[in-house]
Amino acid sequence: MLYRVSFILFLILLLQSSCRNSSEEGVKLQSAVVSFIENTDDIVGYGFLDLAEVVQKGNLNEIEELGSFFNQQLSDLEEGISISERLFFVLKGPLYDNETPSNIYFFMQIKNLEKFQSLIDEMGFSIEQEGRLKWHSNDDFSLGYDENFLIVVTSENNQDEEKIHLVKAFEEIYKESKNKGIGAYLSQQKDFSFVASLASLSSIPGYQDETLMDNRDERIKSATKDAKISFSLTFNEGNIVSEFELLNANDTLKEMFFFQEHGPDDILSELEGITPDFAITAAIDVEKLDNLITFFNPDTKQEFIRSFGKYGLMFESVAGDDIGNVTNGKLGVVFSEENDTFNIHSVVGWGKEKQNILDIISSLAEEGTLTDLGNGYYHYEGSLIKTSEDFLVFHENIPSNVEDMNYNNKTSHKVDNKGYPFYIFFDVKNNKNMVGSIYKSNDYIVRIIDYIEVFGNNEKFKVEFVLHQNDKNALSYFIESIIQRYENSY
């Protein structure tokens, strides 16, 4: 336990010192990490934390409780350790059932070997040596170093083999690296970034679907071969941006893409004037989605149609086995609270059976199930149906008189998908009750957020958390909110 505490304190001190080192040292360390990744088998993920940016953006030096501790320990540490502006880490497989990698490696750079050795001695680590490599190992982690680099290894199992992993790692970091793609990714201007092997994730025992037929399982293996998924986090003034990106997608994987290239811009005009509490728009390639659903789970198609509630049941017979009969893939839904009433507004682009659906609506109006209000409007069980040239629109909990529709403008934000085929908007500030238990347990996060937007296409999703204030970095507000929350709890 004492060693675990020492290791944690050691990494914290490294974080503090990172903001005072040169980029030249960072490039040298980064090259070693790239060599390790390129020359090591079974790498399931890698990434970095930009420690200097985190310290600066979070104003960690100005936090009294942390600042006093750092300043007491910093001078001795900086004489021995030279850290790049980023802390690099690598995950080695295989992944266990609990999604934990076999080993995690942390990479740092030695500035002065003699001073660093003194630091190790002061921390009470017993050191062994073999050739140029020195190492220390205990039940929680192992560290090894030579005159240039420090590598720390943690293991899920087989701690006895950590020395072997260290020796192998020091062999790999000095080999020539030819993969420019890894280096380019590790050079991105992000605060935190992580790349994972898609094939490794799909092979986790807990994620495997035993109900899939052999050919489906083989297709998944083929689609995920060489593919990777990345996650990054960046703190800016006024917002936090999180990005998910699919890398190295092969042709088999691209065949599974089902978003159209551009967003359903014309859908927004149908939702104009409605204040969104939550909104989603999508432009889907219906044929590709239909093929994908048929391949994995054909029953999902009926569930998709029924997800439109009573309207889905109304047109289920028209849909049949082809989603394209009902919609061309242009979809939009807005949830809003107007006049103390929670309303749902849905927009569906006409599918191939547009005329059949129009005929059904006309028949229902003739028999009195729907009330024809004229100009393409119909009233049905407290809701409004609108038929236009391009869309079928549903407004739930709307008065029977069209002229009585009155939307309150609570926020200046306008739903805008910016041309992306997938878009989500959520007004956090005005809907804390909707967050429910999440808000109660994480109020230090929710209370600083104004709204959230998600923009996505087939290969990239961006989530933007927009804060109430934008006069300083979002990370600083986040840390201040955490401190205030816990100060008020005592």
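Positions are given from 1, in the same order as the sequence printed here.
Considering CD of Glu53 and CG of Asp50, their distance stands at 5.0 Å, rounded to 0.5 Å. Note that CD1 of Ile43 and CG of Leu91 are 8.5 Å apart. Values are rounded to the nearest 0.5 Å. Note: Ser197 OG to Lys228 NZ = 6.0 Å, rounded to the nearest 0.5 Å. Note that CD1 of Ile267 and NZ of Lys330 are 7.5 Å apart. Values are rounded to the nearest 0.5 Å. Lys221 NZ to Thr252 OG1: the interatomic distance, rounded to the nearest 0.5 Å, is 14.5 Å. A distance of 7.5 Å separates CG of Leu166 from CG of Leu143, quoted to the nearest 0.5 Å.
In this structure, Asn39 and Glu176 have side chains that are not in contact, with every pair of non-hydrogen atoms separated by 4.5 Å or more. Here the side chains of Leu253 and Thr224 are not in contact, with every heavy-atom distance at 4.5 Å or above. Side-chain contact between Ile151 and Tyr105: present, with at least one pair of heavy atoms (C-beta onward) separated by less than 4.5 Å. Counting heavy atoms from C-beta outward, Leu233 and Phe194 have side chains that stay 4.5 Å or more apart. Glu128 is not listed as a side-chain neighbour of Lys134, based on a closest heavy-atom distance of 4.5 Å or more. In this structure, the side chains of Thr40 and Lys92 come closer than 4.5 Å at one or more pairs of heavy atoms. Counting heavy atoms from C-beta on, the side chains of Tyr185 and Val195 come closer than 4.5 Å. With a 4.5 Å cut-off on side-chain heavy atoms, Leu289 and Asp285 do not count as touching.
Taking the six-membered ring for Trp and the full ring otherwise, the centers of Tyr451 and Phe425 sit less than 6.0 Å from each other. Checked against the 6.0 Å centroid criterion, the rings of Phe244 and Phe461 do not qualify as a close aromatic pair. Phe36 has its ring centre less than 6.0 Å from the ring centre of Phe107.
Counted within 6.0 Å of CG on Asp471, heavy atoms from surrounding residues, nucleotides or ligands total more than 12; the atom is thus considered enclosed. More than 12 heavy atoms of other shown residues, nucleotides or ligands fall within 6.0 angstrom of atom CD in Gln188. Enclosure of atom CD in Glu261 is not indicated, since only 12 or fewer non-hydrogen atoms of other residues, nucleotides or ligands lie within 6.0 angstrom.
Each of Phe422, Phe259, Tyr420, Phe257 was compared with Asn457 under the side-chain contact (heavy atoms from CB on, under 4.5 Å) criterion, and only Tyr420 meets it. When Val44, Val153, Ile104, Val33 are each tested for a side-chain contact (heavy atoms from CB on, under 4.5 Å) with Val90, only one passes: Val33.
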(request) Could you go through the side-chain contact (heavy atoms from CB on, under 4.5 Å) check for Val466 and Ile240 one step at a time? (result) CA-CA 7 Å; Val466 179; Ile240 304 171; over 6 Å; no

(request) List the steps and the verdict of side-chain hydrogen bond (donor to acceptor under 3.5 Å, both in side chains) for Gln30 and Ser187. (result) CA-CA 9 Å; Gln30 178 177 303; Ser187 300; 2.9 Å; yes

(message) Before you tell me yes or no, could you show the steps for Phe88 and Leu29 under side-chain contact (heavy atoms from CB on, under 4.5 Å), namely the whole-Å CA-CA distance, both residues' side-chain angles and the distance that decides it to 0.1 Å?
(response) CA-CA 9 Å; Phe88 296 100; Leu29 177 60; 4.0 Å; yes

(request) Apply side-chain contact (heavy atoms from CB on, under 4.5 Å) to the pair Tyr423 and Lys418, showing each step before the final yes or no. (result) CA-CA 9 Å; Tyr423 171 78; Lys418 297 182 180 178; over 6 Å; no

(request) Kindly indicate, with the supporting measurements, whether the criterion side-chain contact (heavy atoms from CB on, under 4.5 Å) is fulfilled by Tyr46 and Ile182. (result) CA-CA 9 Å; Tyr46 56 86; Ile182 298 175; 3.8 Å; yes

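With sequence neighbours left out, the side chain to side chain contact (heavy atoms under 4.5 Å, CB included) criterion links Asn236 to Thr234, Asn239, Val241. For Gln260, the side-chain hydrogen bond (donor to acceptor under 3.5 Å, both in side chains) test picks out no residue, with sequence neighbours left out.
Side-chain N or O atoms of Asn250 include one that pairs as donor or acceptor with a backbone N or O of Lys225 at under 3.5 Å. Not a single donor-acceptor pair under 3.5 Å links the side chain of Asp450 to the backbone N or O of Asp427. When atom types are taken as modelled, the side chain of Asn291 and the backbone of Glu287 share a donor-acceptor pair closer than 3.5 angstrom. Of the possible donor and acceptor atoms, none in the side chain of Ser476 sits under 3.5 Å from a partner among the backbone N and O of Asn59. Listed for the Gln129 side chain is a donor-acceptor partner under 3.5 Å among the backbone atoms of Gly131. The backbone N or O of Lys254 sits nowhere less than 3.5 Å from a side-chain atom of Asp251 that would complete a donor-acceptor pair. Judged by distance alone, the side chain of Ser118 and the main-chain N or O of Glu114 form a donor-acceptor pair under 3.5 Å. Side-chain atoms of Ser242 do not come within 3.5 Å of backbone N or O of Val463 as any donor-acceptor pair. Using a distance-only test at 3.5 Å, with no hydrogens or angles considered, a donor-acceptor pair links the side chain of Arg86 to the main chain of Leu186. Put simply, the side chain of Asp191 gets close to the backbone of Phe235: a donor and an acceptor are under 3.5 Å apart.
Side-chain atoms of Ser232 and Ser193 include no donor-acceptor pair closer than 3.5 Å.
Of all non-hydrogen atoms in Ala223 and Ala227, the two that sit nearest each other are O-CB, 4.2 Å. Considering all non-hydrogen atoms of both residues, Asn103 and Ser155 come closest at ND2-OG, 2.7 Å. Considering all non-hydrogen atoms of both residues, Glu464 and Phe455 come closest at OE1-CE1, 4.3 Å. In this structure, Asp322 and Asp290 approach most closely via the heavy-atom pair CA-OD2, 3.8 Å. When all heavy atoms of Leu247 and Ser230 are compared, the pair lying nearest together is CD1-CB, 4.0 Å. For the pair Pro264 and Ala282, the tightest heavy-atom approach, listed with the atom from each and the gap, is CG-O, 3.5 Å.
The pair Lys168-Glu172 meets the salt-bridge criterion, since a charged nitrogen lies less than 4.0 angstrom from a carboxylate oxygen. Using a 4.0 Å cut-off between charged side-chain N and carboxylate O, Lys460 and Glu243 make a salt bridge. With respect to Lys472 and Glu480, a salt bridge is recorded, a charged nitrogen being found less than 4.0 Å from a carboxylate O.
Sorted by first and then second residue, the side chain to side chain donor-acceptor pair (under 3.5 Å) pairs with a member in residues 143-152 read Gln117-Tyr145, Arg132-Asp146, Arg132-Glu147, Asp146-Tyr174, Asn148-Tyr174; sequence neighbours excluded.
Between Phe125 and His136, the ring-plane angle classifies as parallel under the 30° and 60° cut-offs.
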